[in-house]
Amino acid sequence: MPDLELIPSASTLAKRDQPELVGELTTLNLGPTHPATHGIFQNILQMDGEKIVSTEQTIGYIHRAFEKISERRPYYQITTLTDRMNYCSSPINNLGWHMTMEKFLHVEVPKRAQYIRVIMMELARISDHLICNGILGVDTGAFTGFLYLFEKREEIYEIYEEVCGARLTTNMGRVGGMERDLSSEAIRKLREFIKSFPPVMREFEQLFNRNRIFMDRVIDVGGISAERALNYGFTGPNLRAAGVDYDVRVMNPYSSYEDFDFIIPVGQSGDTYDRFMVRNAEIWESLKIIEQALENLPEGPYYADAPEYYLPPKDNVYTSMEALIYHFKIVMGEIDAPIGEVYHAVEGGNGELGFYMISDGGRTPYRLHFRRPCFIFYQAFPEMIKGATLSDAIVIMSSMNVIAGELDS
Amino acid sequence: MLTNQEVAEALIGKFGEDVFDFEEPYGMLTLTTTREQIMPMLEFLFNHEKFKANFLTDLTGVHYPDTPGREFAVVYHVHSLIHNFRLRIKVFLAEEDIHIPTATSLYSSANWMERETYDFFGILFDGHPNLTRILNIEEMDYFPMRRQYPLEDTTREDKTDALFGR
């Protein structure tokens, strides 16, 4: 006896012809923890079959309250909080905070320190983009590129280790300069990195850029127009992929970025492929900047002549009374902070990373607010995945480079 | 290039008495306006044929418990990408009447920034499509970034501020 149930009725067929809403909507929880979201993000999707109709986002799983903690910490001790925001490129966060303090205290940083900072920040940008693009490969099913790039990220971390002793939460800057000078070993590692990195990067690009499967998965997926991107407050590679050449390094140069010759890669359609390509192009530009900075590394001191702000070297602290006193005064926050407010922005891995600080002259900031680029552009996610499939949503999220630490602060 | 003078004069010409407290900390034009004028001002800057300040960089709140009548400040950072001009606008609110119109009609990016400000300070953005907590749990019945909630137990006597640099 034939199963009559399998033959669709006329009303079912009529429903099927309608483009919208075949059956009931399915509610699907993507996250909070899901292997493909690389972090703790919850998205409650309303699915019509395979198509996403609407999304409800939930964030705030990290609960760290950095802004509140900053109200009780002397300026110098806030450094360790900034590391933990965008942990894929912690030196940028870190040095960005120091530059905010320098702007606030009118400390002039010597050229050598500025160049070392540029090198470190560009290394951080490379490692940030490597992770983002590598994981985008993993999400489309290609694990190889990720493994290739991870070796290079490891080398970058070894350079950090050589410069400051830490790998992930690099507390390498100081108000007024760097913690220490670039050692000859660090310079050797940097030169080796510059030499060994391009072939690997080229190979990675060969694996992906014209790969049919990859292109099918990312082209015309999650596109956003320049106008919408600006309205959503996009910055960084996500905005540039949409065709707006806004880069804080060029618009408001800090730390001698005006000395270097580099271009701003710009995409067209703002889709996932453009975001991928812009990040790849930026890696090459960063490499160019590092080369130039190493080539023209100025001689001279690596810290400003500002003993009331620059933390004395540890050796001196153990042997000289003067240094011990300054060390104590700085760490305990007895520096005379002026009254006022300051906003300073740096180009983080994801875009404009801003520090807005109000001081009432006390030991701690009266109010400190971090402008985290992730927090601002992640709210566009529902609009970008509307009408896409679930597998597209995964790719879009990973190409936006949403980092949980930066999202929640 | 726009100068602070130019923008300030245009804003005074348009809003007159409603813009005041002009400052230039570290070169950024800072001004204060009233709750009634904040949205017209943002729209004016957004649509102005010369300024084109159509990028909302940041929106946040500040709590000043010791100034009666203006306990809360909402701070907007607006950026004109074409002229590379940044502007900071403040609005002060009284604690008993903590309402301000939402900027979401103008900037989609204001949505979460306003939710965050509401979450931490309790500032109510009128007309916001979804004014709920964003980083904290829904059940919370206080606003943690207000200054009456200290970070540490203030009754402890072994940790005095004078000794520990706070």
Side-chain angles (χ1 to χ4, degrees), chain A residues 56-65 67-69 71-74 77 103-104 106 227-228 230-235 244-246 250-252 328-329 331-334 340-345 352 354 356 358 360 362-364 366-367 369-371 375-380 383 407-409, chain B residues 23-28 30 46 54-64 66 73 75 77 79 81-88 90 104 106-113 115-117 119-121 130 132-138 144-147 149-152 161-166:
Chain A
E56 197 189 311
Q57 291 169 293
T58 318
I59 63 164
Y61 288 94
I62 289 194
H63 286 300
R64 296 184 297 186
E67 289 172 15
K68 189 75 181 174
I69 296 171
E71 286 178 3
R72 292 283 281 177
R73 282 203 183 188
Q77 297 184 17
K103 188 172 176 182
F104 186 60
H106 301 287
E227 197 188 336
R228 289 301 294 153
L230 277 176
N231 203 261
Y232 262 122
F234 275 42
T235 40
V244 183
D245 63 340
Y246 172 57
V250 177
M251 288 279 251
N252 299 80
F328 185 81
K329 278 171 90 80
V331 173
M332 284 301 163
E334 289 185 8
E341 54 190 326
V342 64
Y343 177 84
H344 184 71
E352 179 171 334
Y356 174 50
I358 301 177
D360 61 348
R363 291 165 162 183
T364 63
Y366 187 80
R367 171 91 173 93
H369 179 73
F370 304 112
R371 185 219 189 261
F375 178 76
I376 290 163
F377 66 63
Y378 186 48
Q379 56 188 311
E383 190 177 304
L407 194 63
D408 289 355
S409 98
Chain B
E23 279 177 277
E24 281 182 320
Y26 302 92
M28 192 190 280
T30 303
F46 190 99
N54 59 356
F55 192 83
L56 182 67
T57 306
D58 195 22
L59 191 165
T60 189
V62 193
H63 188 200
Y64 296 102
D66 302 330
V75 186
H77 282 83
H79 194 173
L81 294 183
I82 291 166
H83 301 283
N84 194 17
F85 182 83
R86 289 180 195 264
L87 177 71
R88 183 186 293 135
K90 291 185 178 183
T104 41
L106 204 58
Y107 309 101
S108 306
S109 55
N111 191 325
W112 279 18
M113 299 190 214
R115 276 177 72 186
E116 191 193 28
T117 311
D119 189 355
F120 285 142
F121 293 95
N130 179 26
T132 48
R133 289 188 180 271
I134 184 161
L135 291 171
N136 292 310
I137 51 167
E138 269 302 309
M145 282 294 283
R146 291 192 180 182
R147 296 196 67 97
Y149 302 110
L151 198 63
E152 288 166 45
D161 280 2
L163 288 176
F164 285 89
R166 285 178 288 227

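Keep in mind that the numbers below use all heavy atoms, side chains included, and drop hydrogens, waters and symmetry copies. Every chain is numbered from 1 and lettered A, B, ... according to where its sequence line falls, protein lines coming before strand lines.
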Is B/Phe46 close to chain A through its backbone or its side chain, or both, or neither, when contacts mean heavy atoms under 4.5 Å?
side chain
With heavy-atom distances below 4.5 Å as the criterion, would you say the side chains of B/Met28 and A/Val342 are in contact?
no
Ranking B/Ile137, B/Leu59, B/Leu81 by heavy-atom pairs under 4.5 Å to chain A gives rank one to B/Leu81
Going from CZ on A/Arg367 to CZ on B/Arg147, what distance comes out if it is rounded to the nearest 0.5 angstrom?
9.5 Å
Counting C-beta onward and ignoring hydrogens, is there a side-chain heavy-atom pair between A/Arg228 and B/Ser108 closer than 4.5 Å?
yes
Residue set satisfying side chain to side chain donor-acceptor pair (under 3.5 Å) with A/Glu352, at least two apart, ordered chain then number -> A/Tyr246, A/Tyr343, B/Arg86
A/Glu383 versus chain B, the contacting section by heavy-atom distance below 4.5 Å:
neither
Between A/Thr58 and chain B, with a heavy-atom cut-off of 4.5 Å, which part of the residue counts as in contact: side chain, backbone, both or neither?
neither
Validation row: A/Phe375, B/Ile134 side chains within 4.5 angstrom (heavy atoms):
yes
pair B/Met145-A/His369: side-chain heavy atoms closer than 4.5 Å
no
Chain B contact via A/Ile376 - side chain, backbone, both or neither, heavy atoms under 4.5 Å:
side chain
May I have the step-by-step check of side chain to side chain contact (heavy atoms under 4.5 Å, CB included) for A/Gln379 and B/Arg115, ending in yes or no?
CA-CA 11 Å; A/Gln379 56 188 311; B/Arg115 276 177 72 186; over 6 Å; no
Taking side chain to side chain contact (heavy atoms under 4.5 Å, CB included) as the test, write out the residues that go with B/Lys90, two or more places apart.
A/Glu341, A/Tyr356, B/Thr30, B/Thr32, B/Val75, B/Arg88, B/Phe92
Find the distance between CG (B/Asn130) and CD (A/Glu56) and round it off to the nearest 0.5 Å.
7.5 Å
Most heavy-atom pairs under 4.5 angstrom with chain A, which of B/Leu56, B/Thr57, B/Asp119, B/Asn54?
B/Thr57
Best-contacting candidate, A/His344, A/Met251, A/His63, against chain B by heavy atom pairs under 4.5 angstrom
A/Met251
Where does A/Ile69 contact chain B at under 4.5 Å (heavy atoms): side chain, backbone, both or neither?
both
Donor-acceptor pair, A/Lys103 side chain versus B/Tyr26 backbone, under 3.5 Å?
no
Rounded to the nearest 0.5 Å, how far does OG1 of B/Thr60 lie from CZ of A/Phe370?
11.0 Å
Spacing of CZ belonging to A/Phe377 relative to OG belonging to B/Ser109, to within rounding of 0.5 Å:
13.0 Å
Measuring heavy-atom distances to chain B, does A/Ala380 have an atom under 4.5 Å in its side chain, in its backbone, in both, or in neither?
neither
How long is the gap from CD on A/Glu67 to CZ on B/Phe120, to the nearest 0.5 Å?
6.0 Å
Apply side chain to side chain contact (heavy atoms under 4.5 Å, CB included) to A/Val244 and B/Phe55, showing your working.
CA-CA 12 Å; A/Val244 183; B/Phe55 192 83; over 6 Å; no
So does B/Leu106 get a backbone contact from the side chain of A/Asn231, meaning a donor-acceptor N/O pair under 3.5 Å?
yes
Less than 4.5 Å to any heavy atom of chain A: does that hold for the side chain of B/His77, its backbone, both, or neither?
side chain
Say you draw a straight line from NE2 of B/His79 to CG of A/Asn252; how long is it, rounded to the nearest 0.5 Å?
5.5 Å
Is A/His106 close to chain B through its backbone or its side chain, or both, or neither, when contacts mean heavy atoms under 4.5 Å?
side chain
